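Shown next, in structure tokens, is the structure this report addresses.
Computed from a predicted model, the values in this text were never measured in an experiment. Hydrogens, waters and symmetry mates play no part in the numbers below; they use all other heavy atoms, side chains included. Naming convention: chains lettered A, B, ... in sequence-line order (proteins, then strands); numbering from 1 in each chain.
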Number of protein chains: 2
Amino acid sequence: MSKQELPVLQPLASDTGSTACCTPPTREPLGQADAEELAPLFKAIADPVRLRLLSLIACHEGGEACVCDLTDAFDLTGPTISHHLKVLRKAGLIDCERRGTWVYYWINPAVLERLSAILGPRRGTS
Amino acid sequence: MSKQELPVLQPLASDTGSTACCTPPTREPLGQADAEELAPLFKAIADPVRLRLLSLIACHEGGEACVCDLTDAFDLTGPTISHHLKVLRKAGLIDCERRGTWVYYWINPAVLERLSAILGPRRGTS
DNA sequence: CGTCAAGTTAGATGTATGTCGAAACAAGAG
DNA sequence: CTCTTGTTTCGACATACATCTAACTTGACG
């Protein structure tokens, strides 16, 4: 795992006074290992269909939605929707459970919050 | 442009009581236009090299770094780094300016904060 | 001017990814 | 058991992307 969960993509507010090349870093930047672990997560949400899928699930009552809800919202075939859901699931962004006839999906808020924290300044650390 | 800047990917805390298919949404989910506008932004950061580039720039003193700093941090050729920087620049995530011999890059915090806000709960709206 | 160094752009290539239809596969309902 | 609903798998295809080499642009310095 990564040893830091800081907004390493947000600059620290500091004066702009450097005029020379190769100024030193003020914080430890994202390591290669961390970057290669994070990139697939962002890649999972870097798709219009998957963004909408996440949003549709999150905006549903109870925070979960069944696949029929999701499929109807797109002009895509069932298998394609299923593929995108699988991508999101493999990334850990969503989970699912079969309940009777239908399969329900819900958001994993922790993962999304982690990505959010890395991108921007967090006003609280849970 | 998008008319909402809410954490539409985070579920509202609510009871899980739905047992029927096709429950209604509790909020307006991300529209297709918004999703197609956001996806390229996430795609821009969905790469290990670009994530590290952003981090390297953000962590540098003064919030800016010159290309030589960045190139040295990778086992990639100059043109490849330049290509990734261009992707980030086209997405509006960074800006650059030539200052004498070197070109300096800095983060555009607003765009990153916007993405952060969409992914997770924001503790402040400014 | 002429030359050197720093970056960018252009072109080419191999790989990865999104999309899809058809078919196979669960899981309940009657 | 049989039918219905819905999901997953499997190839196949087109597109997009990361990366390289080579050539070009721009500014600094004699």
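Among the nucleotides D:dC20, D:dT19, C:dT19, the one closest to any side-chain atom of B:V49 is D:dT19. Closest to the A:R89 side chain, of the nucleotides D:dT19, C:dG7, D:dT8, is D:dT8. Out of C:dG7, C:dT19, D:dC20, the shortest distance to the side chain of A:T80 is found at C:dT19. When distances are taken from the side chain of B:C66 to each of C:dT9, C:dG7, C:dT8, the shortest belongs to C:dG7.
Taking atom NE2 of B:H83 as the reference point, atom P of D:dT21 lies 15 Å away to the nearest angstrom. Rounded to whole Å, the distance from CD1 on B:I81 to C1' on D:dC20 is 13 Å. Rounded to an integer number of Å, the gap from B:R98 CZ to C:dA5 P is 15 Å. The nearest whole Å value for the distance from the CG atom in B:D47 to the P atom in D:dC17 is 11 Å. Atoms CG (A:L70) and P (D:dT8) sit 11 Å apart, rounded to a whole Å. Atoms CG (B:L88) and C1' (C:dT8) sit 15 Å apart, rounded to a whole Å. Rounding to whole angstrom units, OH of residue A:Y104 and P of D:dT7 are separated by 11 Å. Between B:L53 atom CG and D:dA18 atom C1' the separation is 13 Å, expressed in whole Å.
When all heavy atoms are compared, the tightest approach of A:L88 to A:A44 is CD2-O, 3.7 Å. Looking at every heavy atom in both residues, B:Y104 comes nearest to B:W102 through OH-CE3, 3.7 Å.
When the side-chain nitrogen and oxygen atoms of A:R50 are compared with OP1 and OP2 of C:dT19, none of them lie within a distance under 4.0 Å. Note on B:H84: every side-chain N or O is 4.0 Å or more away from OP1 and OP2 of D:dC17. An OP1 or OP2 oxygen of C:dT8 is reached within less than 4.0 angstrom by a side-chain nitrogen or oxygen of B:Y105. When the side-chain nitrogen and oxygen atoms of A:S82 are compared with OP1 and OP2 of D:dT8, one or more of them lie within a distance under 4.0 Å.
Residues B:E36 and A:R52 are not paired through a salt bridge, judged by the lack of any N-O separation under 4.0 Å between the basic side chain and the carboxylate.
Counting non-hydrogen atoms under 4.0 angstrom, B:T101 reaches the backbone sugars and phosphates but no base. Residue contacts shown for A:F74 are absent, as no nucleic acid heavy atom lies under 4.0 Å away. Within 4.0 Å (heavy atoms only), B:K43 reaches sugar-phosphate atoms of the nucleic acid but no base atom.
No donor-acceptor pair closer than 3.5 Å links the side chain of B:R89 to the backbone N or O of B:D95. In this structure a side-chain-to-backbone donor-acceptor pair under 3.5 Å is present from A:N108 to A:G92.
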